[in-house]
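Heads up, the thing below is written out as structure tokens.
By convention here, the first residue in the shown sequence is residue 1.
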Amino acid sequence: MDSSLVYLVQTDTTVGFSSLNDEKLSFIKQRPTSKKILHTVDSFKTLTQYTRVPKNFRKKVRNSKKTTFIYPNSKSFRVIDKNSSFYDFINKFKILYSTSANKTAESFNQDFATVGADIIVEDKRSFYETKASSIVKLSKKTLKIVR
């Protein structure tokens, strides 16, 4: 599997594009490349290779489900639960950028999504749109709910 390709996949939250190429994802979604894209990771061990979780919030991060955290280094990560059907996919790569499979500020459109993807990863459940992940911004001492 090539991590530079764009995969259309049912993530743990909604239908999304996943790739290691964030510029390609921004181009497909027709949004500025300056806008950051979140990372999905397969474990807390992988997470600690890319950022440091503030000591005050380690328990909260570990116990949260379907929540994206923006860390003090301005990078955002969501750890995928091992019980999620998306876990088998993300575990092959360890880390990927992930974004919803739609144009910015629009709802899911299967035609748009299939045209933008290099590879379509579909299982027996097919694709379905659900609620996006919560977003929480962490600093050393405070947390702020963004979404």
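- In this structure, Arg78 fails the cation-pi test against Phe69, since its NZ or CZ atom is not both closer than 6.0 Å to the six-membered ring centre and inside 45 degrees of the ring normal.
- For the residue pair Ser100 and Lys29, a side-chain donor N or O sits within less than 3.5 Å of a side-chain acceptor on the partner.
- The hydrophobic clustering, which links ILVMFWY residues whose side-chain heavy atoms are closer than 4.5 Å, places Ile70 and Ile80 apart.
- Residues Val79 and Leu143 share a single hydrophobic cluster, defined by chaining ILVMFWY side chains whose heavy atoms lie under 4.5 Å apart.
- Hydrophobic clustering, with ILVMFWY side chains joined whenever heavy atoms are under 4.5 angstrom apart, keeps Leu38 apart from Tyr97.
- With rounding to the nearest 0.5 angstrom, the OG atom of Ser18 is 11.5 Å from the CD1 atom of Ile95.
- For the residue pair Ser19/Asn21, the side-chain donor-acceptor check at 3.5 Å is not satisfied.
- Within 6.0 Å of CZ on Phe27 lie no more than 12 heavy atoms contributed by other residues, nucleotides or ligands.
- When each of Val53, Thr51, Val61 is tested with Phe77 by the rule side chain to side chain contact (heavy atoms under 4.5 Å, CB included), just one qualifies, namely Thr51.
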(Q) What verdict does the side-chain contact (heavy atoms from CB on, under 4.5 Å) test give for Thr14 and Tyr128, after you've listed the backbone C-alpha separation in whole Å, the side-chain angles of each residue and the deciding distance to 0.1 Å? (A) CA-CA 7 Å; Thr14 191; Tyr128 55 93; over 6 Å; no
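- The two residues Ser107 and Asn102 come nearest to each other via the heavy atoms O-CB, 3.5 Å.
- Minimum heavy-atom separation, Ile37 to Ser26: CD1-OG, 3.6 Å.
- Between Phe108 and Val15, the shortest heavy-atom contact is CE1-CG1, 3.5 Å.
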Q) Should Ser133 and Thr68 be marked as a side-chain contact (heavy atoms from CB on, under 4.5 Å) after you check the CA-CA gap, both sets of side-chain angles, and the distance that decides it? A) CA-CA 6 Å; Ser133 67; Thr68 300; 2.9 Å; yes
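- Rounded to the nearest 0.5 angstrom, Lys137 NZ and Thr142 OG1 are separated by 9.0 Å.
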Q.
Under the criterion side-chain contact (heavy atoms from CB on, under 4.5 Å), I'd like the reasoning laid out for Val41 against Ile90: C-alpha separation, chi angles, the key distance, then a yes or no.
A. CA-CA 7 Å; Val41 293; Ile90 194 68; 6.0 Å; no
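- Separating the OH atom in Tyr87 from the CG atom in Asp12 is a distance of 12.5 Å, to the nearest 0.5 Å.
- Of the listed residues (Lys82, Lys94, Lys92), just one forms a salt bridge (Lys or Arg N to Asp or Glu O under 4.0 Å) with Asp42, and that residue is Lys94.
- Side-chain atoms of Leu20 and Ser4, non-hydrogen and from C-beta on, never get closer than 4.5 Å to each other.
- Two rings, from Tyr7 and Phe93, have their centers less than 6.0 Å apart.
- In Glu122, the CD atom is crowded: over 12 heavy atoms of neighbouring residues, nucleotides or ligands sit closer than 6.0 Å.
- For Arg62, the CZ atom sits in a loose shell: 12 or fewer heavy atoms of surrounding residues, nucleotides or ligands are nearer than 6.0 Å.
- How far CG of Asp123 is from CZ of Phe89: 12.0 Å, rounded to the nearest 0.5 Å.
- Residues satisfying the side chain to side chain contact (heavy atoms under 4.5 Å, CB included) criterion with Lys36, sequence neighbours excluded, are Ser74.
- In this structure, the separation between NZ on Lys65 and OG on Ser134 is 13.0 Å, given to the nearest 0.5 Å.
- Between the OH atom of Tyr50 and the OH atom of Tyr71 there is a distance of 14.0 Å, given to the nearest 0.5 Å.
- When all heavy atoms of Phe86 and Val9 are compared, the closest pair comes out as CE1-CG1, 3.7 Å.
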Please tabulate, for the side chains in residues 110-120, all donor-acceptor contacts under 3.5 angstrom to protein atoms that are two or more places apart in sequence or on a different chain.
| from | atom 1 | to | atom 2 | distance (Å) |
| --- | --- | --- | --- | --- |
| Thr114 | OG1 | Gln110 | O | 3.0 |
| Thr114 | OG1 | Asp111 | O | 3.1 |
| Asp118 | OD2 | Val6 | N | 2.9 |
| Asp118 | OD2 | Lys24 | NZ | 2.9 |

